[in-house]
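In what follows, a single structure is set out as structure tokens and then discussed.
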Amino acid sequence: MGASKVVTRFAPSPTGYLHIGGARTALFNYLFARAHGGEFRLRIEDTDRARSTEPAIAAILDGLGWLDFEWDSDVVYQFARAARHAEVAHQLLANGHAYRCYATAAELEEMRAAQRAAKQPLRYDGRWRDRSDWPNDLPYVIRLKAPQEGSVTIDDLVQGSVTVANAELDDMVLLRSDGTPTYMLAVVVDDHDMGVTHVIRGDDHLNNAFRQLALIRAMQWPEPLYAHIPLIHGSDGAKLSKRHGALGVNEYRDQLGMLPEAVENYLLRLGWGHGDDEFISRAQAIAWFDLAGVGRGPARFDMKKLENINGHYIRAADDARLVALIDSRVAQALGRDLNDTDRAILQRSMPELKKRANNINDLATGSVFYLRSRPIPMDDGASKLLASAAPGMLASARALFAAIPDWTAIQLEEQARALAETSALKLGQVAQPLRAAVTGSSQSPGLFEVMETLGRDETLGRIDDALALIEA
RNA sequence: GGUCCCUUCGUCUAGCGGUCUAGGACGUCGCCCUUUCACGGCGAAAACACGGGUUCGAUUCCCGUAGGGAUCACCA
């Protein structure tokens with residue numbers, strides 16, 4: 001290939017949402033293309049008309065967009081190219097590299113049953129391979145006349161050299177009896193027509209590659225390079241499937257509150273490494289990524305680690321961006337829309353808030369107490385703290401705070417420390433009940449900073465509410 | 001079952017014949033910081049699946065065994 005430009009493609013079938021495994025395949029294709037100054041193309045494999053749906057296509061594009069894997073040129077829709085696929089099949093038929101097979105579904109099932117009974121490998125026996133006594137008016141499929149002798153070797157960029165004997169491969173169907181192309185035909189034709197040079201996909205396609213190569217050779221087309229990457233497994237070691245922990249990437253965003261750069265970083269490190277580096281930016285990934293470094297064994301998905309990485313990126317994220325991300329969640333918790341004052345409070349508190357969250361949900365949950373209207377709800381921990389507070393402490397603190405000339409965290413803390421001193425209490429015995437009163441929780445960002453942010457009236461009011469609660 | 005692939009701490013990985021008393025990260029546990037929870041810092045426990053070779057020398061190379069995975073459609 002030498003000077004030829006690298007072209008990769010991501011080819012999901014729109015029968016469901018873009019799941020995490022597909023996202024990783026897309027990432028590797030994207031990275032490889034960018035690393036080589038090539039093109040990253042997108043093809044929607046919608047030839048399965050019964051299972052392909054518009055919402056799924058939208059979800060895939062949405063997911064890719066969220067992860068910011070920008071593709072080149074137009075999206076190719078495979079179904080629209082059916083005529084071209086059929087054309088190739090007929091071309092093969094004409095030049096003797098394919099043949100008509102009139103075997104019926106029932107007949108083939110019978111054949112397989114016999115093979116099963118005889119403990120023989122299940123494969124098409126080539127019963128129509130050399131016949132020409134074609135019955136009239138009967139439906140037939142077009143099968144590839146694949147080589148039966150010798151073997152095929154693929155120098156896979158990830159799996160290494162893999163060899164399969166041609167005797168193991170049967171003559172696959174190219175065109176169905178209704179004239180529509182099979183997946184095997186469609187991928188090969190599309191990859192060729194799109195100029196794909198590197199086929200990077202899940203290793204569940206490794207076996208397919210050998211049959212596809214036979215088709216490519218029959219057409220005398222240039223052979224692409226293959227890279228079959230291992231699938232992702234669930235935490236229990238079983239293959240990740242739709243009903244087994246494999247969420248759509250949209251769900252990582254909407255339900256789990258993940259940041260796209262965190263998902264990308266995690267996916268990159270799953271099955272690939274660069275020395276001891278853990279946090280790798282997009283630019284570094286493009287510079288460092290190589291197929292040879294991709295592991296050959298399947299990796300287990302670890303939500304704990306993803307959470308941790310997500311927390312890292314949240315802490316590194318711009319405060320305004322985080323405020324925007326929690327907006328709707330906070331609004332829902334509050335039961336009302338946020339206004340500019342609310343957002344200003346969140347923005348101001350964000351540096352402290354984001355240290356305490358590993359996902360956007362928790363970030364939102366940990367933020368709402370600032371904006372709740374009085375009297376704010378008390379959680380269990382807060383109720384206990386108030387119940388066990390030293391008698392009169394809250395009232396004393398309230399009086400001290402009310403007399404402060406400048407409502408600043410520093411002065412508030414001074415007063416709290418003074419109160420602890422004179423009452424022979426530990427600072428915690430003063431601060432914790434106050435925290436409960438002011439935040440409704442036993443844990444929060446620095447108490448005095450919170451009180452400063454809340455302001456004199458709101459803080460004093462919340463303490464009054466707590467006082468009323470204790471007396472009740 | 002046939003074919004193909006894989007096998008380093010619980011998990012993701014570094015290691016590409018000697019630097020390995022095997023490194024990092026997540027998780028776990030302990031300590032520090034501290035008004036709480038976090039963040040941060042320090043530290044601990046924790047792995048080369050097993051058996052043969054090759055070699056002066058194997059985590060690294062080869063072969064078996066065991067275990068795991070993928071695939072065997074007129075689905076993609």
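Letters A, B, ... mirror the listed sequences (proteins, then strands); counts begin at 1. What you are looking at is a predicted structure, and each value in this text was computed from that prediction instead of being measured.
Atom pair A/Asn207:CG and B/C6:P shows a separation of 13 Å (rounding to whole Å applied). We find that CG of A/Asp204 is positioned 14 Å from P of B/A76, with the value rounded to whole Å. Spacing between atom CG of A/Leu419 and atom P of B/U35 amounts to 15 Å, rounded to whole angstrom units. Per the geometry, CE belonging to A/Met172 stands 14 Å off C1' belonging to B/A76, to the nearest Å. Put simply, CD1 on A/Ile309 is 17 Å from P on B/U11, counting in whole angstrom units. Atom-to-atom, CD1 of A/Ile20 to C1' of B/C12 comes out at 14 Å; the value is rounded to the nearest Å. Distance, A/Arg112 CZ to B/U71 P: 17 Å, rounded to whole Å. As rounded to whole Å, 16 Å separates atom P of B/C37 from atom CD of A/Glu449.
With both ends at atom P, the span from B/C42 to B/G24 equals 12 Å, rounded to whole Å. If you take atom P in B/C16 and the same atom in B/A73, they sit 43 Å apart, rounded to whole Å. Comparing the C1' positions of B/U7 and B/G15 gives a spacing of 15 Å, expressed to the nearest Å. Rounded to whole Å, the P atom of B/G40 lies 27 Å from the corresponding atom of B/A47. Separating the P atom of B/C74 from that of B/U11 is a span of 39 Å, rounded to the nearest Å. The P atoms of B/U36 and B/C31 are separated by 15 Å, rounded to the nearest whole Å. Nucleotides B/C72 and B/C9 place their C1' atoms 36 Å apart, quoted to the nearest Å. Rounded to the nearest Å, the gap between the C1' atom of B/U3 and that of B/A45 is 43 Å.
Of all nucleotides listed (B/C5, B/A76, B/C12), B/C12 comes nearest to the side chain of A/Lys305. Of the candidates B/A70, B/A76, B/G10, the closest approach to any side-chain atom of A/Asp302 belongs to B/G10. Taking every side-chain heavy atom of A/Phe448 into account, B/U35 is the closest of B/G24, B/C37, B/U35. Considering only the side chain of A/Asp276, B/G24 comes nearest among B/A76, B/G24, B/A73. Of the candidates B/U36, B/U3, B/A38, B/A38 carries the atom nearest the A/Lys355 side chain, counting heavy atoms from C-beta on. Listed nucleotides: B/A73, B/G2, B/A76. Nearest to the side chain of A/Arg123: B/G2. With distances taken from any side-chain atom of A/Arg356 to the nucleotides B/C37, B/A70, B/U35, the minimum falls on B/C37. Side-chain proximity of A/Lys304 to B/C12, B/G27, B/A76: nearest is B/G27. Relative to the side chain of A/Asp203, the nucleotides B/U35, B/G2, B/A70 differ in distance, and B/A70 lies closest. In this structure, of B/C4, B/C72, B/C26, it is B/C26 that holds the atom nearest to the side chain of A/Asn308.
Counting any heavy atom pair closer than 4.0 Å across all strands shown, A/Gln159 reaches sugar-phosphate atoms only and no base atom. Across all strands shown, A/Thr163 has heavy atoms under 4.0 Å from sugar-phosphate atoms exclusively, and none from any base. Within the 4.0 angstrom heavy-atom criterion, base atoms lie near A/Asn208. Using a 4.0 Å heavy-atom criterion, one finds that A/Arg300 contacts the sugar-phosphate atoms exclusively. Note on A/Arg435: a base of the nucleic acid sits closer than 4.0 angstrom, heavy atoms only. Within 4.0 Å (heavy atoms only), A/His233 reaches sugar-phosphate atoms of the nucleic acid but no base atom. Residue-level contact check: A/Arg315 touches the backbone only, with heavy atoms under 4.0 Å from sugar-phosphate atoms and none from bases. Across all strands, A/Thr47 comes closer than 4.0 Å only to sugar-phosphate atoms, never to a base (heavy-atom distances). In this structure, A/Leu447 reaches the bases: a heavy-atom distance under 4.0 Å links it to at least one base atom across the strands shown. Residue contacts shown for A/Val162 are limited to sugar-phosphate atoms, with no base heavy atom under 4.0 Å away. Looking at heavy-atom distances under 4.0 Å, A/Leu306 makes no contact with the nucleic acid at all. Within the 4.0 angstrom heavy-atom criterion, base atoms lie near A/Gly446. Across all strands shown, A/Pro445 has heavy atoms under 4.0 Å from base atoms, whether or not it also approaches the sugar-phosphate. A/Lys119 comes within contact range of no nucleotide atom at all, as no heavy-atom separation falls under 4.0 Å.
By the 4.5 Å heavy-atom criterion applied to side chains, A/Phe369 and A/Val450 are counted as neighbours. In this structure, the side chains of A/Glu449 and A/Glu352 stay at 4.5 Å or more apart for every pair of heavy atoms. Put simply, the side chain of A/Lys426 reaches to within 4.5 Å of the side chain of A/Gln429, judged on heavy atoms.
A/Tyr17 and A/His19 have their aromatic ring centers separated by at least 6.0 angstrom. Ring centers of A/His233 and A/Phe301: at least 6.0 Å apart, outside the cut-off. Two rings, from A/Trp128 and A/Tyr99, have their centers 6.0 Å or more apart.
Using N1 to N3 plus N6-O4 or O6-N4 for Watson-Crick, or N1-O2 and O6-N3 for G-U wobble, each under 3.5 Å, B/U71 pairs with B/G2. The nucleotide B/U34 finds no pairing partner, because no Watson-Crick or G-U wobble arrangement with both distances shorter than 3.5 Å includes it. B/U60 is unpaired under the Watson-Crick or G-U wobble criterion, no partner having all donor-acceptor distances under 3.5 Å. Look at B/C39: it lacks any Watson-Crick or wobble partner with both distances under 3.5 angstrom. The partner of B/A49 is B/U65, judged by Watson-Crick or G-U wobble contacts that both fall below 3.5 Å. Nucleotide B/U55 has no partner under the Watson-Crick or G-U criteria, as no pair reaches both atom distances under 3.5 Å. Under the Watson-Crick or G-U wobble criterion, with both distances below 3.5 Å, B/A25 is paired with B/U11.
Between A/Glu452 and A/Arg348, at least one side-chain nitrogen of the basic residue sits less than 4.0 Å from a carboxylate oxygen of the acidic one, meeting the salt-bridge criterion. A salt bridge is absent between A/Arg201 and A/Glu45: the closest approach of a Lys/Arg side-chain nitrogen to an acidic carboxylate oxygen does not fall below 4.0 angstrom.
Between A/Arg315 and A/Asn358, the side chains place a donor N or O and an acceptor N or O closer than 3.5 Å (distance only, hydrogens not considered).
Proximity of A/Arg417 to the phosphate of B/U35: a side-chain N or O atom is located under 4.0 Å from OP1 or OP2.
No N or O donor and acceptor, one from the side chain of A/Arg269 and one from the base of B/U13, sit under 3.5 Å apart. For a distance-only test at 3.5 Å, the side chain of A/Ser444 fails to qualify as a donor-acceptor partner of the base of B/C37.
Note that CG of A/Asp48 and OG1 of A/Thr182 are 12.0 Å apart. Values are rounded to the nearest 0.5 Å.
Between A/Asp170 and A/Asn358, the one whose closest nucleotide on RNA chain B sits nearer the 5' end is A/Asn358. Of the residues near RNA chain B, A/Gly428 and A/Gln78, the one whose nearest nucleotide (by heavy atom distance) lies more toward the 5' end is A/Gly428.
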